[in-house]
**Student:** 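Before I ask anything, let me first share the structure, which is written out below as structure tokens.
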Amino acid sequence: MDYQSNYNQSYNNNYAVYQASWNNYDGKDRISSLTKYGDDRISGIQNISGSTYRQTIGLNGSLNFNRTYNSNHHVSAILLANAFQIAASGSYHKVSNANLGLQLGYNYSSKYYVDFSSAYSHSAKLPQGNRQALSPTLALAWRLSKENFLANNRIVNELRLSASAGILNTDLDISDYYLYQGYYTYNDGAWYSWADGALVHSFDRRRGDNPNMKFPKRKEFNVALEGGLYDNLITFSTGYFFNRMSGGLVQATTQYPMYFMTGWPVYSDLPYINYNIDERRGIDFGINLNKQINQTFVSLGFNGMYYTTKAVKRDELYQFSYQNRAGKPLDAIWGLQHDGFYMSQSDIDNSAFSSFGEVKPGDIKYKDQNGDGTIDTRDEVYLGKGGWAGSPLTLGLNLTVKWNNLTLFAAATGQFGAKAMKNSSYFWVDAEDKYSVAVRDRWTESTKETATYPRLTTFNSDNNFRSSDFWLYKNDRINLSKVQLSYDFPKHILSSKFIHELGIYANGSNLLMIAKEKETMQLNIGQAPQTRFFNVGLKALF
């Protein structure tokens with residue numbers, strides 16, 4: 001059991017602020033006077049607020065079996081139970097989780113492996129009758145290096161091939177409790193009654209019932225090959241993975257008649273149903289070179305992963321197929337395609353009409369994807385992958401050099417294939433916003449041929465500042481993630497019985513970024529700046 005509580009303690013004081021008046025004296029700007037606003041007032045009153053609590057109750061237990069028969073048949077089994085419940089202030093429903101797991105393993109002479117694992121889960125987020133589900137997985141492995149044809153091989157000293165598949169039932173993607181139940185809600189909107197004209201309120205339907213709601217299912221398949229060569233001078237691993245999540249919950253507006261919902265008054269009888277399907281697949285690999293040279297040990301590792309995602313099934317009904325989310329990546333960026341700037345008023349007159357407000361020369365011109373003569377949201381297309389769950393291609397390089405008791409470690413990572421949008425207040429500037437250096441290359445009559453930024457305006461610029469490939473950039477980058485130098489004092493120096501181990505180290509994180517758009521990616525607008533971290537430490541065992 002664990003109990004946690006916290007509260008805010010504060011003293012709310014007022015402080016005077018000053019506004020400076022400037023003048024120019026002898027060619028220099030100087031403060032001539034200060035205007036005071038407010039006074040310094042220390043109340044001395046202690047305020048206590050924001051009291052919250054959190055209670056966690058959990059239990060787990062396991063029963064293990066491990067035995068070898070006739071020196072070749074190895075059998076193992078684990079039966080385990082796990083449950084916890086979290087109660088927090090402000091939450092009506094406690095977060096509960098209960099699982100019963102079983103793992104059965106068998107291998108013959110450490111050569112052939114079979115593993116069956118399963119979990120029987122319970123979730124209160126589902127309706128009665130569907131709250132329990134069995135999640136089975138099966139894994140097979142073959143240790144080829146134990147076979148006669150590789151047993152005495154001078155090159156291959158370890159080689160393993162494995163595959164696994166499973167169906168997992170999970171409620172992690174069910175955002176809340178009681179989604180299977182429809183409900184009515186009190187409407188703050190007022191309505192006129194029949195006779196006397198007094199205002200009355202109503203209870204409106206907002207969701208339908210679905211007593212057949214089930215767990216979303218994650219179907220997975222993996223195959224991997226790993227091994228070692230030349231007495232583990234070279235170690236490697238590579239694998240392919242496939243993941244399909246089916247039964248994602250959604251209020252499917254296209255699966256029910258339109259009279260199931262209205263916009264005014266607000267009414268909906270649409271239930272949450274298991275509908276959406278997502279896919280993720282890819283390959284990963286890693287290779288390490290390990291070498292002992294006299295008193296120096298060197299390990300150099302290179303690894304990477306390439307993966308793709310796809311929205312297989314979506315509740316959608318777009319007029320034009322190029323806007324369908326199904327078939328596109330899960331991290332898809334959508335927006336308009338730009339076609340340069342409007343160069344003149346005649347250019348505007350001869351182009352498709354923009355529904356995003358009045359446009360003038362110097363504004364961004366967009367492509368009319370459907371040819372209807374109007375630029376609107378129906379002209380938005382797929383622009384690229386956002387990489388919100390990681391870039392499509394991720395690479396890593398690590399180096400360890402150990403000489404006597406001195407160790408150097410360094411790691412670098414690279415991310416490629418994703419894109420991002422320059423849509424912060426640093427780039428989207430109009431009206432009375434503060435201007436950044438990004439506007440220096442703005443469009444004017446004299447720079448129309450070389451401008452890289454739309455015209456400036458003291459009005460709103462809805463046409464220019466919207467999702468489009470004009471603001472899109474590649475966020476490919478290489479980061480020097482960490483460098484550490486450590487030294488462990490030799491045992492013979494620590495002759496005292498008081499200190500058994502002693503070492504010192506210094507490291508740094510996020511030290512360097514190499515990227516074409518480095519300045520853009522290191523901008524933090526309206527929040528704390530990005531930091532580099534340096535640390536010097538001492539470790540000792542007494």
Side-chain angles (χ1 to χ4, degrees), residues 110-111 113 139 141-164 222-241 281-307 390-418 476-491 501 503-515 532-535 537 539:
S110 298
K111 185 187 301 184
Y113 297 80
W142 179 22
R143 198 173 181 183
L144 288 83
S145 53
K146 285 284 188 176
E147 297 291 354
N148 293 333
F149 58 84
L150 286 178
N152 298 315
N153 192 285
R154 296 181 180 181
I155 299 177
V156 179
N157 55 277
E158 186 65 49
L159 190 63
R160 297 180 297 276
L161 177 65
S162 61
S164 64
N222 303 272
V223 59
L225 179 68
E226 54 186 329
L229 308 175
Y230 301 104
D231 292 329
N232 287 330
L233 171 67
I234 301 174
T235 58
F236 67 90
S237 65
T238 183
Y240 167 82
F241 59 89
R281 65 180 73 201
I283 59 172
D284 56 62
F285 64 89
I287 183 169
N288 283 75
L289 177 64
N290 312 289
K291 182 66 175 178
Q292 183 75 39
I293 307 174
N294 297 326
Q295 294 181 330
T296 304
F297 173 77
V298 179
S299 177
L300 179 64
F302 178 66
N303 54 69
M305 179 180 69
Y306 178 80
Y307 87 107
S391 297
L393 176 61
T394 303
L395 300 175
L397 184 68
N398 62 83
L399 172 67
T400 301
V401 180
K402 186 172 184 179
W403 178 73
N404 291 332
N405 291 14
L406 189 67
T407 303
L408 171 67
F409 172 79
T413 58
Q415 300 181 41
F416 309 93
D476 298 345
R477 62 191 181 272
I478 298 175
N479 295 321
L480 182 58
S481 304
K482 186 171 184 178
V483 175
Q484 176 168 304
L485 184 65
S486 59
Y487 180 76
D488 296 321
F489 288 90
K491 295 288 186 180
E501 293 183 12
I504 57 175
Y505 62 90
N507 61 45
S509 302
N510 192 27
L511 299 177
L512 176 66
M513 176 187 291
I514 302 174
R532 291 184 173 88
F533 178 79
F534 300 92
N535 186 41
K539 60 177 183 179

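Positions are given from 1, in the same order as the sequence printed here.
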**Student:** For the atom pair CG (L229) and CD (E158), what is the distance rounded to the nearest 0.5 Å?
**Tutor:** 10.5 Å
**Student:** Only one of L397, N288, T400 passes side chain to side chain contact (heavy atoms under 4.5 Å, CB included) with L300; say which it is.
**Tutor:** L397
**Student:** Taking the side chain as C-beta and beyond, is there a heavy-atom pair between F489 and I504 under 4.5 Å?
**Tutor:**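 When only atoms from C-beta onward are counted, I504 and F489 do touch, with a gap below 4.5 Å.
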**Student:** Give a yes or no on this: more than 12 heavy atoms of other residues, nucleotides or ligands lie within 6.0 Å of atom NZ of K111.
**Tutor:** yes
**Student:** Please work out whether the ring planes of W142 and F149 are parallel, tilted or perpendicular, with thresholds of 30° and 60°.
**Tutor:** perpendicular
**Student:** Assess whether atom OH of Y230 is packed by more than 12 heavy atoms of other residues, nucleotides or ligands within 6.0 Å.
**Tutor:** no
**Student:** About how many Å separate CG of L150 and CG of L144, when rounded to the nearest 0.5 Å?
**Tutor:**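 L144 atom CG to L150 atom CG measures 6.5 Å (nearest 0.5 Å).
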**Student:** Heavy atoms, side chains only, cut-off 4.5 Å: are D284 and Y307 in contact?
**Tutor:**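 Sidechains of Y307 and D284: no contact.
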**Student:** How far does CE of M305 sit from OG1 of T394, to the nearest 0.5 angstrom?
**Tutor:**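 Answer rounded to 0.5 Å: 5.0 Å.
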**Student:** CD/E226 to CG/L161 distance, rounded to the nearest 0.5 angstrom?
**Tutor:**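 The CG atom of L161 is 9.5 Å from CD of E226, to the nearest 0.5 Å.
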**Student:** So, does R160 use its side chain to make a donor-acceptor pair with the main chain of R143 at under 3.5 Å?
**Tutor:** no
**Student:** Supply the atom-to-atom distance K291 NZ to I234 CD1, rounded to the nearest 0.5 angstrom.
**Tutor:** 10.5 Å
**Student:** Going through the checks in order, is the side chain to side chain contact (heavy atoms under 4.5 Å, CB included) test met by V483 and N507?
**Tutor:** CA-CA 5 Å; V483 175; N507 61 45; over 6 Å; no
**Student:** Are N157 and N232 linked by a side-chain donor-acceptor pair shorter than 3.5 Å?
**Tutor:**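 A pair is found: one side chain offers a donor N or O, the other an acceptor, under 3.5 Å apart.
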**Student:** If I take atom CG from residue L395 and atom CG from residue N303, how far apart are they, to the nearest 0.5 angstrom?
**Tutor:**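 L395 atom CG to N303 atom CG measures 8.0 Å (nearest 0.5 Å).
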**Student:** Using a 3.5 Å cut-off and no angle test, enumerate the donor-acceptor pairs between side-chain atoms of residues 405-416 and protein atoms at least two apart in sequence or in another chain.
**Tutor:**
unit_1: N405; atom_1: ND2; unit_2: D488; atom_2: O; d: 2.6
unit_1: T413; atom_1: OG1; unit_2: S481; atom_2: OG; d: 3.2
unit_1: Q415; atom_1: OE1; unit_2: S391; atom_2: OG; d: 3.4
unit_1: Q415; atom_1: OE1; unit_2: R477; atom_2: NH2; d: 3.3

**Student:** Are side-chain heavy atoms of I283 and T238 found at a separation under 4.5 Å?
**Tutor:** no
**Student:** For Y306 together with F285, are the ring centres under 6.0 Å from each other?
**Tutor:**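 So the answer is no for these two rings.
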**Student:** Are D476 and L393 close enough that some pair of their side-chain heavy atoms sits under 4.5 Å apart?
**Tutor:** no
**Student:** So, the side chain of N294 versus the backbone of T296: is there a donor-acceptor pair under 3.5 Å, distance only?
**Tutor:**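 No, the answer is negative, given that no donor and acceptor are paired below the 3.5 Å cut-off.
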**Student:** So, N290 side chain and V298 main chain: donor-acceptor pair closer than 3.5 Å or not?
**Tutor:** no
